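Before any comments, here is the structure.
Nothing here was measured: the structure is a model prediction, and the numbers come from that model. Here is how names work: the chains are called A, B, and so on, in the same order as the sequence lines, proteins then strands, and each is numbered from 1.
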2 protein chains.
Amino acid sequence: MTQAPAQDRGARSRDAILDTAGELMARYGYAATSISMISAECGLPASSLYWHFGSKDGIYVAVLERARTTLLAALPPAEVPGADVAQRLDVFLAEVEAAFQRHPRGVKLLLGLGTVQQDAGAAAVAEVHHYRDALLTWARDALSAVFGLRDHPEVADELARFTLRMAGGTAVARWFEPDAVLETGPLRVALLALAAHHGVLVRGTPGETGEGRRVPG
Amino acid sequence: MTQAPAQDRGARSRDAILDTAGELMARYGYAATSISMISAECGLPASSLYWHFGSKDGIYVAVLERARTTLLAALPPAEVPGADVAQRLDVFLAEVEAAFQRHPRGVKLLLGLGTVQQDAGAAAVAEVHHYRDALLTWARDALSAVFGLRDHPEVADELARFTLRMAGGTAVARWFEPDAVLETGPLRVALLALAAHHGVLVRGTPGETGEGRRVPG
DNA sequence: GTCTATAATGCGATAGAC
DNA sequence: GTCTATCGCATTATAGAC
């Protein structure tokens with residue numbers, strides 16, 4: 001405990017800055033979050049923020065980068081276990097819901113794009129796009145594996161965009177209801193119906209698929 | 001054409017301010033939109049904006065009020081014509097898509113809540129909530145009528161929230177793809193499946209319901 | 001109602017001691 | 001790496017002539 005490992009001081013400050021900046025920017029948006037707010041909240045002077053990140057843009061880029069890697073690491077990989085579609089979908093949605101629950105700021109930070117576009121640099125805008133592209137790719141791969149859509153990439157794309165719009169809409173809903181979660185129940189029904197609608201649900205389960213109401217009571 | 005009807009000068013300026021303010025705030029968010037930006041864009045001096053609206057908050061409140069009444073007027077009423085669910089749903093979704101298409105800023109302005117919460121007054125925050133509550137009430141009433149859910153208010157509520165999350169997610173998607181529209185095709189499939197899932201689709205149409213792929217070709 | 005001019009404040013960013 | 005102090009500038013908002 002000898003005071004502080006010296007070389008870790010900087011890294012710990014860096015993390016503290018990213019923590020508070022991420023929280024404030026997710027809550028208020030990029031433009032409404034000032035350097036002095038972050039400085040006051042995390043206890044370090046403004047000049048330290050500039051020493052670590054160079055600019056307000058730099059802070060936002062670093063916040064987004066960390067949020068992206070953290071969220072993508074928490075989201076389920078493409079190889080979801082499960083014998084059939086219904087099983088894999090249940091596992092997939094449960095993990096997605098948990099990931100969004102554990103990292104609530106991950107998606108909300110993306111909503112700042114509009115406010116960033118105006119007064120942030122090209123690097124920040126590029127990172128926002130990179131973030132959203134990574135999420136779209138992830139969703140496409142994961143849903144393709146869940147539904148077995150190797151031969152129907154356009155269906156996987158539709159399911160992915162549908163899922164991401166629900167996620168985005170949920171992030172918006174949290175402005176109004178802070179406890180709102182990704183409602184995987186309706187989403188599950190919708191995804192199954194969409195797959196069936198496109199005729200790609202091999203194992204026939206057109207309407208219901210092992211949902212609670214089918215379970216013998 | 002005698003110069004200008006004199007009494008209309010003020011009203012026309014008022015509208016011009018709201019037009020440009022609405023466009024800028026929808027694009028960049030509340031915090032990132034400055035008085036000087038609006039002033040430069042609409043040609044009137046900053047002091048005129050203050051004469052008309054008193055403050056930046058006042059402008060935002062007025063913008064939101066007009067967007068709310070305009071959008072709600074463009075959205076289909078609860079009494080959608082149609083003999084069965086499928087017909088009414090088609091009409092409903094077509095009108096909703098058209099309304100969101102014609103008033104693209106209507107929903108996007110709502111996304112500014114986060115950036116407003118920080119540095120705007122209570123009136124602005126209240127109006128944002130009012131706006132979103134009005135949309136939720138509209139969606140509940142309209143979908144209740146479309147699906148005949150007078151006896152199942154909780155189902156109407158779920159369908160309404162689902163629809164609004166899709167709309168919110170679509171508004172978010174427009175940050176990245178400006179041409180993105182409310183995809184009523186997948187939404188239609190999802191709503192029918194959700195209704196069927198809750199067992200409230202009286203006229204039996206569990207899986208497909210007069211969709212294009214069923215039409216004889 | 002619209003204009004010019006300006007006050008008061010907070011912003012992002014930097015300099016330089018330590 | 002962290003601190004104090006500060007520069008230059010844009011911001012919201014107001015005063016007062018017209």
Side-chain angles (χ1 to χ4, degrees), chain A residues 2-21 24-25 28-63 112 115-125, chain B residues 2-21 24-25 28-63 112 115-125:
Chain A
T2 65
Q3 180 68 11
Q7 76 182 84
D8 281 0
R9 287 267 294 163
R12 290 170 57 84
S13 290
R14 219 189 107 98
D15 282 346
I17 295 167
L18 290 184
D19 285 343
T20 60
L24 292 172
M25 286 175 170
Y28 302 125
Y30 174 83
T33 302
S34 69
I35 297 287
S36 50
M37 282 170 61
I38 305 169
S39 166
E41 192 85 6
C42 74
L44 291 164
S47 53
S48 280
L49 311 202
Y50 282 97
W51 189 90
H52 281 285
F53 300 103
S55 68
K56 190 183 173 183
D57 288 10
I59 297 176
Y60 186 58
V61 171
V63 165
T115 96
V116 167
Q117 230 158 347
Q118 172 56 17
D119 48 16
V125 176
Chain B
T2 67
Q3 178 69 9
Q7 76 182 83
D8 282 1
R9 286 266 296 163
R12 290 169 58 83
S13 290
R14 220 189 106 99
D15 282 347
I17 294 167
L18 291 183
D19 285 343
T20 61
L24 292 172
M25 286 175 169
Y28 303 124
Y30 174 84
T33 302
S34 68
I35 297 287
S36 51
M37 281 169 62
I38 304 170
S39 165
E41 194 84 6
C42 75
L44 290 164
S47 53
S48 279
L49 311 202
Y50 282 97
W51 188 91
H52 281 284
F53 300 103
S55 67
K56 189 183 172 183
D57 287 11
I59 297 176
Y60 186 58
V61 170
V63 165
T115 98
V116 167
Q117 229 156 350
Q118 170 56 17
D119 46 16
V125 176

Is there a donor-acceptor contact under 3.5 Å from the side chain of [X] to the main chain of [Y]?
| X | Y | value |
| --- | --- | --- |
| Ser48(B) | Leu44(B) | no |
| Ser39(A) | Ile35(A) | no |
| Thr115(A) | Ala32(B) | no |

Could you work out, with side chain to side chain contact (heavy atoms under 4.5 Å, CB included) as the rule, every residue matching Ser55(A), not counting sequence neighbours?
Asp57(A)
Using the side-chain heavy atoms of [X], tell me which of these nucleotides is nearest: [options].
| X | options | value |
| --- | --- | --- |
| Trp51(B) | dT4(D), dT14(D), dT2(C) | dT2(C) |
| Pro45(A) | dC3(D), dT2(C), dA13(D) | dC3(D) |
| Ser48(A) | dT2(D), dC3(C), dT12(D) | dT2(D) |

Give every pair of a protein N or O atom and an N or O atom of nucleotides 15-17 of chain D that lie under 3.5 Å apart, one pair per line with the distance.
none

Length of the [atom1]-[atom2] vector between [X] and [N], whole Å:
| X | N | atom1 | atom2 | answer |
| --- | --- | --- | --- | --- |
| Leu44(B) | dT4(C) | CG | C1' | 14 Å |
| Ile38(B) | dA10(D) | CD1 | P | 17 Å |
| Phe53(B) | dT2(C) | CZ | C1' | 15 Å |
| Arg14(A) | dT2(D) | CZ | P | 12 Å |
| Leu49(A) | dC11(C) | CG | P | 13 Å |
| Tyr50(B) | dT6(C) | OH | C1' | 14 Å |
| His52(A) | dT14(C) | NE2 | P | 16 Å |
| Lys56(B) | dT14(D) | NZ | P | 15 Å |

Do you know the tightest heavy-atom contact between [X] and [Y]?
| X | Y | value |
| --- | --- | --- |
| Ala62(B) | Phe53(B) | CB-CE2, 3.6 Å |
| Val125(A) | Gln117(A) | CG2-CA, 4.3 Å |
| Thr33(B) | Leu24(B) | OG1-O, 3.3 Å |
| Tyr60(B) | Ala124(B) | CD2-CB, 3.8 Å |

Hey, can you pull the residues of residues 28-37 of chain B with a non-hydrogen atom under 4.0 angstrom from DNA chain D?
Thr33(B), Ser34(B), Ile35(B), Ser36(B)
Hey, does the Lys NZ or Arg CZ of Lys56(B) hover above the aromatic six-ring of Tyr30(B), less than 6.0 Å from the centre and inside 45° of the axis?
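Judged by the rule (NZ or CZ under 6.0 Å from the ring centre, within 45° of its axis), Lys56(B) counts as positioned above Tyr30(B).
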